[in-house]
Amino acid sequence: METTKNTSGKHRRDGDTYEITSSEIEHYNDLGYLVLKEVLTDYELKDLDYWFDHFISGKEIHQMNKDFCDMSQPYGTPVEEFQLVNAMCPSMYRPELANNIYFRVAQSIASQIYKAGKAEMDYEQFLAKKPSKAGAEFAMHQDLGYWPKTKNTWTATFSLALSDSNIINGCLQVIPGTNKEKELRVHLPKPYNGNEGETMNRDTSHTLVIETNKKDQPIFLPVKRGDVTIHDERIIHGSAGNSSSEWRKTYVMAFRDSETIKQERAMGYTHSHNDKLDWKEVLG
Ligand SMILES: O=C(O)CCC(=O)C(=O)O
């Protein structure tokens with residue numbers, strides 16, 4: 001059903017529903033990503049801004065341990081040296097955030113994309129790049145390279161722009177079509193400057209990185225505040241540092257099949273960096 005003649009967001013919203021077209025679903029399934037404009041209004045974003053700034057400024061640090069971290073640097077990096085600030089699973093720490101307007105609208109989109117089962121929210125993450133931090137990069141990876149092996153891997157990861165995001169401040173980059181590669185690329189712990197030769201693992205750092213090759217042609221996905229990008233679990237993606245004088249702010253929310261989430265939880269996996277897992281065992 002191709003009803004979305006006027007593509008502006010407000011014509012596609014009806015309450016908690018944001019209507020997407022069959023060609024957008026096809027685009028997502030074929031190329032592994034999608035960009036949707038004006039998903040939330042500025043009024044709706046204001047409440048999310050409050051919680052985002054609350055977490056990113058470290059107000060819940062006392063209870064978050066490794067869930068408040070810099071994913072571009074090893075755990076234990078002093079907070080004042082953070083460049084890429086991450087707050088994992090925020091509504092686990094502040095349940096008032098759960099069931100917010102972003103969740104409800106993203107749920108409506110995930111359910112339109114996924115018909116083979118029930119799409120449910122698996123985890124959330126706040127991600128902020130400080131201004132003028134060239135090192136605030138998100139190393140190229142496939143999300144599945146990070147996660148325990150599950151029978152069904154279907155995932156739609158939503159990134160809501162809370163600030164405009166562009167090439168200068170390190171917007172998301174994807175390599176279209178890599179979602180169709182049969183094998184996952186090899187993911188290795190990221191070596192850090194000054195730590196060459198030091199063994200990094202899932203206890204010392206969250207960051208894994210793949211080697212890209214000459215054929216890999218990333219494209220940038222610049223977005224405006226209120227827009228959303230969606231990427232699947234196999235597409236190669238990442239982002240560069242922030243060379244601008246403004247923050248880049250993103251609210252990530254991932255949806256997976258309800259049975260997959262049950263399987264993850266049975267392994268003790270919630271996507272919190274504080275989960276205790278035997279990674280050799282769960283990666284399969
Ligand atoms: O938005 C970014 O810079 C990267 C986020 C990312 O890699 C992810 O959500 O999987």
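This one's a predicted model, so the numbers in the text were calculated from it and none came from an experiment. One-based numbering, in listed order, for ligands and for the atoms of each. Computed from heavy atoms alone, side chains included, the values below leave out hydrogens, waters and symmetry copies.
Regarding atom 7 (O) of ligand 1, its nearest protein heavy-atom neighbour is His141 CE1, 2.9 Å. Ranking the protein heavy atoms by distance from atom 1 (O) of ligand 1 puts Arg248 NH2, 2.8 Å first. Scanning all protein heavy atoms for the shortest distance to atom 5 (C) of ligand 1 gives Leu127 CD1, 3.9 Å.
When each atom of ligand 1 is checked for a heavy atom of His231 under 4.0 Å away, the hits are 8 (C), 9 (O), 10 (O). Per-residue contacts place Asp143 under 4.0 angstrom from the following atoms of ligand 1 (heavy atoms of the residue considered): 10 (O). Every atom of ligand 1 with a heavy atom of Val252 under 4.0 Å away is listed here by number and element: 9 (O). Listed by atom number, the atoms of ligand 1 under 4.0 Å from Ser239 heavy atoms are 2 (C), 3 (O). If you number the atoms of ligand 1 from 1 as listed, the ones under 4.0 Å from a heavy atom of Phe138 come out as 4 (C), 7 (O). Close contacts of ligand 1 with Leu172, meaning ligand atoms under 4.0 Å from a residue heavy atom, involve 1 (O), 2 (C), 4 (C).
Side chains of Met88 and Gln125 form a contact here, defined as non-hydrogen atoms less than 4.5 Å apart. In this structure, Val105 and Ile109 have side chains that are in contact, with non-hydrogen atoms separated by less than 4.5 Å. Inter-residue side-chain proximity for Leu208 and Tyr146 is flagged as met; some heavy-atom pair is nearer than 4.5 Å.
Using the six-membered ring where Trp is involved, Phe158 and Phe255 have ring planes that are perpendicular, over 60° apart on the 30 and 60° scheme. Relative ring orientation between His271 and Tyr123 is described as parallel, the plane-to-plane angle staying below 30° on a 0-90° scale split at 30° and 60°.
The shortest N/O to N/O separation between His237 and ligand 1 falls below 3.5 Å.
Cluster annotation: Leu34 is connected to Tyr102 through the hydrophobic network of ILVMFWY side chains, with a link wherever side-chain heavy atoms come within less than 4.5 Å.
Annotation for Ile25 and Gln112: closest pair CD1-O, 3.4 Å, computed over non-hydrogen atoms.
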